[in-house]
Amino acid sequence: MQVSHPITLALDDLAKGDKTALDRLLPHVYAELRKLAGYYLRQERPGHTLQPTALVHEAYFRLIETSQPDFQGRSHFLGVAAHVMRQILTDHARTRNAAKRGSGQVVFSLDEFMDAPMASDSTVVRVDDALQALEQHDPLKGQLIEMRFFGGMTAEESANVLEMPLPRVRSELRIAQAWLKRELDHRAASATAAAEK
Amino acid sequence: MNDWQSVQSIFLATADLSAAERERVLDELCGDDYDLRFEVESLLAADSDSSVTIDSAIQGVASTVLDAPVLVGERIGVYRVVKEIGRGGMGSVYLALRDDEEYTKEVALKIVKRGMNTAAVLRRFRDERQILANLDHPFIARMFDGGTTPDGVPFFAMEYVEGRPVDVFCRENALDVKSRCRLFLNVLEAVAYAHRNLIVHGDLKPANIFVTQEGMPKLLDFGIAKLMGTESDAATADARAFTPGYASPEQVLGTKVTTATDIYSLGAVLYELLSGERAQPVDMDTPRALNTRCAMWRCCGRGWWRRICRPIWMTWY
């Protein structure tokens, strides 16, 4: 008899509606995603960009050791991982933005020439801020965006986790994307205006 | 039905219609509620706008964010990372503590950014390590150690200097010309010492010339430019990285970097310390602009080089 992995057990419990399973799951998912990111970075493929959703999917295959992928369990896992991935990305971007603003002394050399492209940190913060605004406005849509863009989940997978009809998920996602794009556009415009002042 | 629900249902009803159809249906559904109509239309515009993509916004930054694992609190070799103190194109600098049984020492831990050709950096570090370790001068920040993090990224441990960049120090303490020159002579002494040991700095600029509270200069990052392969022995011109405001023509043009490169940069720094203005413009941020500028220098015969750098050169060599 095969002893189930703690992750698989937690996912089973989560599917049964046990919310405490989430707390057991998060540290594993976090650790695995970090490890994977490190692994990919070591490969040093030139021009290689890390796809967060690809990492999330790979984390699933590494953590779940059953040979038959269980659709229900997989969807739940991806939902959790999407949230963790968003946390990882935004926490770091925020910390780095703060470090950039806060450090009076920049010691490292060759920075003036190379620093410009790194302004993109603020983009992820802007995405997260806009997403938080969406969550306030319409929590379900916020969750769907998180699943889609940070977890790489299909509409079917989201529909499965949220126990909602697929057409509803599709239209919710479409509205959510339009709302978020409009919000991002506004924020980018006001950031540019602020920078020009 | 609240507003947001009306907006959503009208959006869904009109999103896939042709322009003319859409107008008609919007007229019908929104009536004279202009706020509602504006809300729906702005969402429809965003829906069809392909210039903003959430995907690329997130994935574009994912690599840069994941690229810099949170190291604070972690252990790298014998060092414990305390906080990030700087960040640049080549990587990040952390304040770290070396915890030995005997004593605790603060170091600046420079962690090289990924994609900097790790293997080459490490190979050069092994070649240069002894030379850099031997660079023992009170005005030069010591290089203690180097290696790779658990992720396989090269790092260097250097003396942690508490101080201010030389230009800031002069300004804050309102140093007169005489004091600035005296300070600068100490800087020259340190550079001359390194040159006697055949080590070129390669990226001298105020941000690398720190001055401690006691007024003692400390040169940072000696030899780092070479380890990074940013000296012009790098085969590709694009890989060159230097600081335009202080770069010498040979750096810009990608020809051989020698001790004269440092002298040139020192001249640019001294010019700035004495005149309050940059010796050369900083807006030369593209290789093409730099190359053009350099071609002009060669034609014009670099007046300030003759006035300032050569006398320094003559004094020390």
Side-chain angles (χ1 to χ4, degrees), chain A residues 34 37-42 44 46 48-53 55 85-86 88-93 95-96 99-100 103-118 120-121 123-124 126-127 137-138 145 148-150 171-172 174-175 177-185 188, chain B residues 4 8 11-12 15 42-47 49 52-55 57-70 84-93 108 110 114-115 118 150-153 161 164-165 203 205 207-208 210 220-221 224-225 228 230 241-245 282 285:
Chain A
R34 280 247 63 93
Y39 168 79
Y40 276 111
L41 289 167
R42 270 196 299 281
E44 294 218 40
H48 170 78
T49 33
L50 269 181
Q51 304 277 340
T53 55
L55 286 184
M85 182 50 94
R86 177 178 165 200
I88 292 175
L89 290 179
T90 51
D91 283 355
H92 290 201
T95 319
R96 288 173 31 158
K100 252 186 270 178
S103 62
Q105 44 160 311
V106 175
V107 195
F108 206 63
S109 64
L110 301 147
D111 46 13
E112 291 166 54
F113 189 56
M114 307 282 283
D115 226 11
M118 310 210 14
S120 50
D121 276 359
T123 317
V124 88
R126 213 147 49 218
V127 170
H137 188 63
D138 193 329
I145 289 283
R148 163 77 182 79
F149 290 101
F150 290 94
S171 17
E172 291 280 348
R174 184 160 180 190
I175 299 170
Q177 280 193 59
W179 193 97
L180 197 62
K181 275 156 79 176
R182 188 182 64 179
E183 186 71 15
L184 282 171
D185 212 26
Chain B
W4 177 229
Q8 293 185 70
F11 171 90
L12 290 173
S42 63
L43 279 181
L44 287 169
D47 184 55
D49 179 7
V52 189
T53 63
I54 304 164
D55 250 332
I58 293 169
Q59 300 198 335
V61 294
S63 57
T64 55
V65 173
L66 292 172
D67 207 7
V70 179
E84 186 177 286
I85 52 178
R87 164 174 291 274
M90 296 291 160
S92 303
V93 190
K110 284 163 193 281
R114 309 201 54 90
T118 301
D151 278 351
V153 180
V161 178
R164 310 285 280 161
D203 190 31
K205 58 182 176 184
N208 275 336
F210 261 48
L220 308 178
D221 290 354
I224 293 281
M228 295 296 189
T230 49
F242 40 77
T243 311
V282 279
D285 48 0

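Sequence lines set the chain letters: A, B, ... in the order given, protein chains first and strands last, and positions in each chain run from 1.
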**Study point:** Heavy-atom proximity to chain B below 4.5 Å, by part of A:Glu183
**Key:** neither
Study note, to complete from the structure: So, the part of B:Ala45 with a heavy atom under 4.5 Å from chain A: the answer is neither
Practice item. Would you indicate whether the side-chain heavy atoms of A:Ile175 and B:Trp4 approach each other to under 4.5 Å? Key: yes
**Study point:** Heavy-atom contact with chain A under 4.5 Å, split by part of B:Leu43
**Key:** both
**Study point:** Minimum side-chain heavy-atom gap B:Asp47-A:Lys181 below 4.5 Å
**Key:** no
Point to revise | Non-hydrogen atoms of A:Ala178 and B:Ala46 that approach each other most closely | key: O-CB, 3.3 Å
Point to revise | chain B contact via A:Arg86 - which portion, at a heavy-atom distance below 4.5 Å | key: neither
